[in-house]
**Student:** 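Handing you this structure, nothing more for now.
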Amino acid sequence: DKCNIFKNIENEVKKRELCNCLKLIECYENEVICKQNSIGTTFYIILKGTVNGYVNRQLDAKRPKKTSAVIDDSVFKLKNEKNFHDEEYIFSLRAGQDFGDIALLSESCTRTCTIRAGSNDTKLIELSKKHFLEFINEYKSESVSKTLDLFNKCLLLKGISLRSKK
């Protein structure tokens, strides 16, 4: 329930289906969870501990323009520290936060940065791209349907019909 991306799933059966698709991952400190410019195949939710994001600016410069993605500065704490050879530390995430979705939303998009475990007790929940997209698409269609129903009710209350007048 802490993960924002699935917080509006109200159906208990859907929640159980989602739980059945999850895999628990335990990481040691500085273990690479996903690598910059790799093809994204999984989405992660942090259960315990932290993860850190790093960008190799040399790799970033070689990234084809059509596959570039923007990291949302409002979500991440930006810093200017050098670590892991040519990698620059850019953010940390903690329990309840998620990552990996950007590279899953488009066939032509790759991982925007390298993610490493921040401590030896980091525990993650992993969801495959296939299941992630199924749940996102299902939620979108439910959300659109609910919005349209609400919109139609509002219009009916005002005496307006969406049907064309002849």
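We use all heavy atoms of the structure for the numbers below, so side chains are in, but hydrogens, waters and symmetry mates are not.
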**Student:** With a 4.5 Å heavy-atom cut-off, do F132 and T42 have their side chains touching?
**Tutor:**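 F132 vs T42: side chains apart.
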**Student:** Can you find a heavy atom in the side chain of T112 that is under 4.5 Å from one in the side chain of F99?
**Tutor:**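 SC-SC contact between T112 and F99 ruled out.
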**Student:** Measure across C27 and A117 and return the closest heavy-atom pair with its distance rounded to 0.1 Å.
**Tutor:**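 Nearest pair, atom of C27 first, then A117: CB-CB, 3.6 Å.
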**Student:** Would you sort out whether I115 and L93 count as a side chain to side chain contact (heavy atoms under 4.5 Å, CB included), showing the intermediate values?
**Tutor:** CA-CA 10 Å; I115 303 287; L93 299 173; 5.6 Å; no
**Student:** Any idea which heavy atoms bring N52 and G118 closest together, and the distance?
**Tutor:**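 Closest approach of N52 to G118: ND2-CA, 3.6 Å.
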**Student:** Are I39 and I33 connected in a single hydrophobic cluster, I mean Ile/Leu/Val/Met/Phe/Trp/Tyr linked by side-chain heavy atoms less than 4.5 Å apart?
**Tutor:**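 The answer is no; the residues belong to distinct hydrophobic clusters.
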**Student:** Which distance, rounded to the nearest 0.5 Å, do you find between the CD of E134 and the OG of S128?
**Tutor:**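 So the CD of E134 and the OG of S128 are separated by 7.5 Å.
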**Student:** Taking the side chain as every heavy atom from C-beta outward, state whether L127 and I45 have any atom pair closer than 4.5 Å.
**Tutor:**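 L127 does not reach I45 side chain to side chain.
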**Student:** If you take all heavy atoms of D101 and D98, which pair is closest and at what distance?
**Tutor:**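 Of all heavy-atom pairs spanning D101 and D98, the closest is OD1-OD1, 4.4 Å.
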**Student:** Looking at every heavy atom in both A103 and G40, which two are closest together, and how far apart are they?
**Tutor:**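 That closest heavy-atom pairing would be CB-CA, 3.9 Å.
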**Student:** side-chain contact (heavy atoms from CB on, under 4.5 Å) with K123: which residues, sequence neighbours excluded?
**Tutor:**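 Result, side-chain contact (heavy atoms from CB on, under 4.5 Å) vs K123: L24, E26, L47, K48.
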**Student:** Determine, using the 4.5 Å side-chain heavy-atom cutoff (strictly less than), whether F43 and V32 are members of one ILVMFWY cluster.
**Tutor:**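 Not linked; separate clusters.
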**Student:** Can you tell me how far apart CD (E31) and OG (S119) are? Round to the nearest 0.5 Å.
**Tutor:**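 One gets 11.5 Å once the value is rounded to the nearest 0.5 Å.
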**Student:** Distance from Y44 atom OH to I125 atom CD1, nearest 0.5 Å?
**Tutor:**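 Interatomic distance, Y44 OH to I125 CD1, rounded to 0.5 Å: 12.5 Å.
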**Student:** Tell me the closest heavy-atom pair linking L104 and G100, and the distance in Å.
**Tutor:**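 Closest approach of L104 to G100: CG-O, 3.3 Å.
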**Student:** Within this structure, what is the CZ-CD1 distance for the pair R111 and I102, rounded to the nearest 0.5 Å?
**Tutor:**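 Between R111 CZ and I102 CD1, I get 9.5 Å after rounding to 0.5 Å.
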**Student:** Could you list the residues that satisfy side chain to side chain donor-acceptor pair (under 3.5 Å) with N120, not counting sequence neighbours?
**Tutor:**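 Side chain to side chain donor-acceptor pair (under 3.5 Å) check on N120 returns nothing, list empty.
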**Student:** Looking only at heavy atoms, which two atoms of T122 and T50 are closest? And how far apart?
**Tutor:**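 That closest heavy-atom pairing would be OG1-O, 3.1 Å.
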**Student:** Name the residue from Q36, R116, R57 that meets the side-chain hydrogen bond (donor to acceptor under 3.5 Å, both in side chains) definition with E87.
**Tutor:**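 Single side-chain hydrogen bond (donor to acceptor under 3.5 Å, both in side chains) partner of E87 among Q36, R116, R57: R116.
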